[in-house]
Amino acid sequence: MRTRGLLTGGKARARKAHHQTTGDVPEYQAPTRRIARYFGVRPEELLLTNGGDDALRVFFDTFVQSGSSILICEPTFPMYRYYAEIYGARISVLRYGSEMEFPLPGVISALRRRPSVLFIANPNNPTGTLLQKEELRSI
């Protein structure tokens, strides 16, 4: 999980949440340095996790509290809803259209209510829907 540009204090909170799982296992240090060098970032800007589900858990530990507003577009990767429910978030759901088109106008409208998090899988899982750069920029 790349942490450049996170909200103030987010990087430290993410590291703390990750440490609770991995304990800063030495096996993570060498790969983190190699990957950071490859991408031209500092190792502190990377957070290696035990898969995507663990990365989501670290994200939720860091940024979501009970009562936080989460916006998802379904069908999508089910772990977004799973973690939102566990963390006691308020979940707002928009549905993909009958041709599996992304509900862009609805998302833009829902963002005016300032949810804490909007999850977008791109390409989406399980629909395979791919948002274009223009659509992402409009969001």
Side-chain angles (χ1 to χ4, degrees):
M1 177 181 200
R2 190 169 170 175
T3 59
R4 178 181 285 174
L6 290 180
L7 300 173
T8 304
K11 190 185 312 184
R13 290 193 311 265
R15 289 250 170 244
K16 181 179 178 186
H18 187 257
H19 178 76
Q20 291 171 347
T21 298
T22 65
D24 285 334
V25 177
E27 289 81 4
Y28 282 84
Q29 294 172 9
T32 298
R33 285 191 303 272
R34 283 194 303 269
I35 293 168
R37 192 169 37 252
Y38 178 83
F39 285 108
V41 298
R42 296 186 317 262
E44 301 80 41
E45 294 180 285
L46 296 176
L47 186 62
L48 299 187
T49 63
N50 296 317
D53 291 354
D54 190 40
L56 280 173
R57 184 200 51 81
V58 171
F59 178 88
F60 273 84
D61 281 349
T62 305
F63 296 107
V64 177
Q65 296 82 37
S66 180
S68 293
S69 175
I70 306 294
L71 177 60
I72 58 177
C73 301
E74 291 183 334
T76 193
F77 185 55
M79 297 307 286
Y80 301 146
R81 176 182 281 279
Y82 174 80
Y83 277 113
E85 289 173 354
I86 288 174
Y87 281 74
R90 290 176 295 128
I91 305 167
S92 297
V93 177
L94 296 173
R95 302 288 305 173
Y96 276 72
S98 61
E99 300 295 320
M100 290 299 117
E101 64 275 4
F102 184 78
L104 183 61
V107 167
I108 291 171
S109 177
L111 288 175
R112 291 187 185 105
R113 292 188 293 276
R114 305 190 51 80
S116 301
V117 178
L118 163 63
F119 283 106
I120 298 175
N122 196 39
N124 188 41
N125 173 5
T127 67
T129 304
L130 180 65
L131 294 178
Q132 301 303 311
K133 288 180 184 179
E134 301 77 37
E135 294 169 304
L136 291 170
R137 283 187 189 111
S138 69
I139 293 170

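What you see below is based on every heavy atom in this structure, not just the backbone, and it leaves out hydrogens, waters and symmetry mates.
Of the N and O atoms on the side chains of Asn50 and Tyr28, at least one donor lies less than 3.5 Å from an acceptor on the other residue.
The CZ atom of Arg95 sits 9.0 Å away from atom CD1 of Ile72, with the distance rounded to the nearest 0.5 Å. The distance from atom CE of Met79 to atom CZ of Phe60, rounded to the nearest 0.5 Å, is 9.5 Å. Of the inter-residue distances, the one linking Phe63 atom CZ with Tyr87 atom OH reads 12.5 Å to the nearest 0.5 angstrom. The distance from the CD1 atom of Ile86 to the CG atom of Leu56 is 11.0 Å, given to the nearest 0.5 Å.
Think of Leu130 as one node in a network of Ile, Leu, Val, Met, Phe, Trp and Tyr side chains linked at under 4.5 Å; it has no links at all.
Counting non-hydrogen atoms of other residues, nucleotides and ligands closer than 6.0 Å to CZ of Arg114 gives a total of 12 or fewer.
Each of Val93, Leu94, Ile108 was compared with Pro103 under the side-chain contact (heavy atoms from CB on, under 4.5 Å) criterion, and only Leu94 meets it.
Aromatic ring orientation, Tyr80 versus Phe77: perpendicular (interplanar angle above 60°, classes split at 30° and 60°).
Side-chain atoms of Glu101 come within 3.5 Å of backbone N or O of Glu99 as a donor-acceptor pair. At distances below 3.5 Å, at least one donor-acceptor pair connects side-chain atoms of Thr129 with backbone N or O atoms of Met100.
In this structure, Pro43 and Thr32 approach most closely via the heavy-atom pair O-CG2, 3.7 Å. Minimum heavy-atom separation, Cys73 to Val107: SG-CG2, 3.5 Å.
Connection of Phe102 to Leu111 is established within a shared hydrophobic cluster, with ILVMFWY side chains joined at heavy-atom distances below 4.5 Å, either directly or through further cluster members. Using a 4.5 Å cut-off between side-chain heavy atoms of Ile, Leu, Val, Met, Phe, Trp and Tyr, with links allowed through other members, Ile91 and Tyr96 fall into different hydrophobic clusters.
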Validation: residues 115-126 side-chain donor-acceptor distances under 3.5 Å, sequence neighbours left out:
from	atom 1	to	atom 2	distance (Å)
Asn122	OD1	Leu131	N	2.6
Asn122	ND2	Leu131	O	3.3
Asn124	OD1	Thr76	OG1	2.8
Asn124	ND2	Pro75	O	2.8
Asn124	ND2	Thr127	OG1	2.9

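Between Thr49 and Arg57, every side-chain heavy-atom pair lies at or beyond the 4.5 Å cut-off.
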